[in-house]
Amino acid sequence: GAVVSQHPSRVICKSGTSVKIECRSLDFQATTMFWYRQFPKQSLMLMATSNEGSKATYEQGVEKDKFLINHASLTLSTLTVTSAHPEDSSFYICSAEDRFGNIQYFGAGTRLSVL
Amino acid sequence: GENVEQHPSTLSVQEGDSAVIKCTYSDSASNYFPWYKQELGKGPQLIIDIRSNVGEKKDQRIAVTLNKTAKHFSLHITETQPEDSAVYFCAAIPTGGGNKLTFGTGTQLKVEL
């Protein structure tokens, strides 16, 4: 199956700093990638849809200035959590869409802890 | 928009028994229904999917059935093994939904020895 690499797997940072998370599709091109947030024992919540070469589309209630998304190539999307605060601590997961079958393949997730 | 309900929230079975997880969806235009397995601390892994033009699909010990009229679909795992223990999520993509997945609430499956 298709492989999506997400990095880093875990990050601990101080309050007020920014954190960048990378999502790469390793063996296929993805014009669309998605970013999710997941709280413990809960389902995945879609934050935004990332389209290559254009601005991301954010879900209602998600601050676009807080969660900056860049999709500069067909294999890479990044999520930057700006001025992170403890309430931003969560599990962030990306997915990349196979443009032929509309199937989403997920990365392994990033555990963000803001102190 | 689409709403996906999933039951049960927890399921415990003995090794070798079958496990069934059920989901219902609200948008009759939905046409793609994947199932994901998520192990603790990891991202979801696609295990099987079905499209609206098919009623059933099987892959070894895993099968999915779809009833479009009733708007529900189910995951069937036969001969369960301890390594099947994980959280399983169903999802749906409605037509014209921009390929956004709407997830169910998840089922914690525990396979006991």
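A note on names: the letters A, B, ... follow the listed sequences, proteins ahead of strands, and every chain is numbered from 1.
- Hydrophobic clustering (side-chain heavy atoms under 4.5 Å, transitive across Ile, Leu, Val, Met, Phe, Trp, Tyr) groups B:Val54 together with B:Tyr25.
- Linking Ile, Leu, Val, Met, Phe, Trp and Tyr residues whenever their side-chain heavy atoms come within less than 4.5 Å leaves B:Leu75 and B:Tyr36 in two separate clusters.
- Closest approach of B:Lys42 and A:Phe91 over heavy atoms only: O-CE2, 3.6 Å.
- Contacts with chain A (heavy atom to heavy atom, under 4.5 Å) involve these residues of residues 104-113 of chain B, listed by number: B:Gly104, B:Thr105.
- Here the closest non-hydrogen pair linking A:Gln42 and B:Phe89 is O-CZ, 3.9 Å.
- Annotation: side chain of B:Pro34 is not in contact with side chain of A:Ile103 (no heavy-atom distance under 4.5 Å).
- Cluster membership check: B:Ile47 does not share its hydrophobic cluster with A:Phe106, using side-chain heavy-atom separations under 4.5 Å among Ile, Leu, Val, Met, Phe, Trp and Tyr.
- Under a cut-off of 6.0 angstrom, the local environment of NZ in B:Lys58 is sparse, with at most 12 non-hydrogen atoms contributed by other residues, nucleotides or ligands.
- The number of heavy atoms from other shown groups lying within 6.0 Å of CD (A:Glu87) is above 12.
- Residues A:Thr32 and B:Asn99 are not in side-chain contact: their nearest non-hydrogen atoms beyond the backbone lie 4.5 Å or more apart.
- Interface check for chain A: of the options B:Gln38, B:Gln45, B:Gln6, the most heavy-atom pairs under 4.5 Å are formed by B:Gln38.
- Under the 4.5 Å side-chain contact rule for hydrophobic residues, B:Val20 and B:Ile62 do not share a cluster.
- Neither A:Val81 nor A:Ile93 shares a network with the other; the hydrophobic side chains, linked directly or stepwise wherever heavy atoms of I, L, V, M, F, W or Y lie under 4.5 Å apart, form separate groups for each.
- Taking a 4.5 Å side-chain heavy-atom cut-off between Ile, Leu, Val, Met, Phe, Trp and Tyr, the cluster of B:Leu40 contains only that residue.
- Taking A:Glu97, A:Met45, A:Lys41, A:Arg10 one by one and counting their heavy-atom pairs under 4.5 Å with chain B, the maximum is reached by A:Glu97.
- Within the 4.5 Å cutoff, the side chain of B:Phe103 has no heavy atoms near those of the A:Leu46 side chain.
- Between B:Leu101 and A:Phe34, every side-chain heavy-atom pair lies at or beyond the 4.5 Å cut-off.
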